[in-house]
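Single-structure report; data block below.
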Amino acid sequence: MTQNPFLAPYTTPHQTAPFDKIKNEDYLPALNDGLAQGRKDVDIIVNNAAKPTFENTIVALERSGDLLGKVTSVLFNLNSAETTPELQKIVKEASPLLSEYGNDITLNEKLFGRIKAVYDQRASLKLDPESAMLLEKSYKRFSRNGANLDAKGKERLRAIDKELSQLSLQFGENVLNETNEYVMFVTDEKDLAGLPDFAKEAAKATAKQKGKEGWAFTLQAPSYGPFMQYADNRELRKKLYMAFNGRGFHGDKNDNSGIIQKMVNLRYERANLLGYKTHADFVLEESMAGSKNKVQSFLDELVTYARPAAEKQLAELTAYAKAHGFTEDKLQAWDSSYYSEKLKKEKYDLDDETLKPYFKLENVLNGVFTVANKLYGITFKERKDIPVYNSEVKTFDVFDKDGKFLAVFYGDYFPRPGKRSGAWMNDVQGQKVENGQNVRPHIINVCNFTRPTDTKPSLLTFYEVTTLFHEFGHGLHGMLANGKYESLSGTNVPRDFVELPSQVMENWCYDPEALKLFAKHYQTGEVIPNELIEKIRASQNFLAGLANLRQLRFGLVDMYYHGQKPTGESVSEVENKVDSVANLFPRVEGVAFSPAFSHIFAGGYSAGYYSYKWSEVLDADAFEFFKEKGGLDNKTAADSFRKNVLEKGGSEKPMELYKKFRGREPSPKAMLRRSGLIL
Ligand SMILES: [Zn+2]
C-alpha cells in the first residue's frame, strides 16, 4: 500500500504540496485523521491541569489542527481551480464535518472559560501587539458568537441565527426566481435597432432555447446590460428596466419586502443580545473603519463631492441626448446607460482590440515582477520541479532583496472546464513562525484570461491586465507576510482593508512610468504610445461623479437599514429618503432596488457595502504617497508600505498600520482627485 501523502512530511522543494502524488482517495482518510488530531489538540488544552496562560491556551489553540489545515488548503484550492465531479463529492462530504468541527470548538464552554480567564488578565500580561491581537481575536471569536450569554440567551441567539439564515436563503431564491422567470420576447427586427451583433445572436439563441421564434431578452447581466446600453427602442428599454428593478417587489410569492423587514429587525435584536447598539456596531467593530459614525460621515462627506459633479455630468449627458434626438426634459434611469455608451464612444473611442497587442501575458507578468522588483527589491525565478495540479501552472521561487528565499509563487492564468470563473489569490501554505522557524508562504494566483491560439499568443484586455496586477497585489500581501501567527498573517485582515494591497498595485496599470516598462507591442516591440495611455486614463474617469453617487446610494441604504433602531418604514420610504440626497434620476413608482440587494440580504455585506468605496479611498491615498515620494525609482513609500502593511497582515489594528505607513489617517481627497471630482 502506498503512503497517504498528507500523512508524511512533504519531501518536495520547499515542502510544497505534492499535487502529483495526491489522489482522490487520500482526502477523506487524511481529513478524518486531521479532525481527530485537531480534537485531541483541543482536549489537551481544555484538560490541562495548569492554570490557563497565553501560551498553553491561546497559542496552543492557534497551533491546533495542523494536519487539517494541510488537507483543506489543497482540497479547497483544487476545488476552485481544477475540480472534478469526484472532488466536488469529496468537498460535499467534508463540508459538514468541518462546520461541525468549527462549532465544537466555538461552543466548547470549558475552552471558552480558559480563553476568558487569559483575556480578563490581558492588562497585566505585557503581551507584544501581535500577541495581544491574537488574544483579542481568540476571545471575540467566541464572544461574538454568544459564548458570554446565559442558557436562555444562547437559545434565542440560535433561533435568530437559524431564522436569519433561512430568510437570507429565501431572499436569494426569490431574486433568482424573479431573474429567471422574466423574458421579454421581440419578434419585430426593427426593435433590435442599435444592438450589436453579439447581443442579437445571443438573444436569438435564448429564444430558440425557449422554443420561440425571434429574440428573447432576460434579466441576466449579459442580456440585460447590452440591451440597456445599445437598444434604440426606448419603450422596450423602459420595459426591461422596470422588470429588472421590480425584482422581488411585485407583492407576490417572490416579494422580498417582508423578508427585509424581518431581517433588519432580527439583526438588530441579535446585536442587542450580544451587547451592541445596532447591527452596524456589531459588524464594524471588526473593521478598519471601526464604528458606524465613521462610516456614516465617510459616506456623507463623499456625497457632498460626488453630487455636484454628478449633477454637472448628468447635465452634459442630457445635453448630448438632446442633440441626438431626445425630446423630453429629463433623462430617466433607463436612458442613462444608453446615452453614456454613445457619449463615451464619441469622446474616447477606445476598444480592447487596439490595446491588446501591447499586453501579451508574458510581458504583463514580467511587468508585474519588474514593478515588484523596483518597489521591494524582490526577484522571481521560474522553476520546473515544483509539483503542479495542471501543466499550465507556472511556479516561481521568490527571493528577497538580500537573496533570501521568501515564498513560492504559483501562476495559473487560463480558463479550464474545472476552474470556477473570476480571479483570486489564495495560499496553499500560510506564513507563520513555528519552533523558531519562519515558515514561508506558498501563494497562488488563479485567473481566467484569453488563451493563446495557433497564431497568436495570449493577448490580454486592459481589464485583464488590471486583474493580473490586482491579484498579484494580494499575492504580495501573502508573499511578504512576516508575522508570528498564521491566523493573523498575510491577507487575514478585515474586509475594508484587504483590498488595499491589491488595488494599490492596479494603479501602476494607469501609470505611464510603469506601463512603458512592459506594455510593448508583441510583434513590433513598440512601446505603448502616450496618446493611448492618456485615453486609458481619461476613460477611467468617464462620468465618475454619477458612478460614485450610485455606489454611495447603495452604501447609504445599507447603513439606513442597519445603523439604527429599525424604523418600520417601507422599502419605498427608505429608498425615497436616501434618494433625496444620493440619486439624480426621477423616482419611479413600482420599482426599488432593496428587494434585490443580495449583497446585504443574501450575502455577507450587511453594514459593509461602504467598504467598496472605502477601499478606493485607501488605494488612491496610498498610491499618491508612492508618487509623491518619486514613483518606482524611490523606495521610501514602498519600504514603509512593506514594513507597516504588507508584512503586518492583521497583527495590529488596520487604522494604526495605515497611520504608521502614511503618517496620518486616509483622506478621501486623493480618490476625488483621481476620479476628477476635485482638482
Ligand atoms: Zn481583491
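It should be emphasised that the depicted structure is a prediction, and the values quoted were computed from it without experimental measurement. One-based numbering, in listed order, for ligands and for the atoms of each.
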Interatomic distance, Phe244 atom CZ to Phe593 atom CZ [nearest 0.5 angstrom]:
12.5 Å

State plainly whether the residues Glu616 and Lys613 are in salt-bridge range, i.e. N to O under 4.0 Å.
yes

Starting from the Zn ion (ligand 1), look over the N/O/S atoms of [X] and name the nearest one.
X      : value
His470 : NE2
Glu499 : OE1
His474 : NE2

What's the shortest heavy-atom distance between Ser640 and Phe661, and which atoms?
OG-O, 3.0 Å

Scan Tyr376, Phe626, Phe623 and name whichever one has a ring-ring contact (aromatic ring centres under 6.0 Å, His included) with Phe641.
Phe626

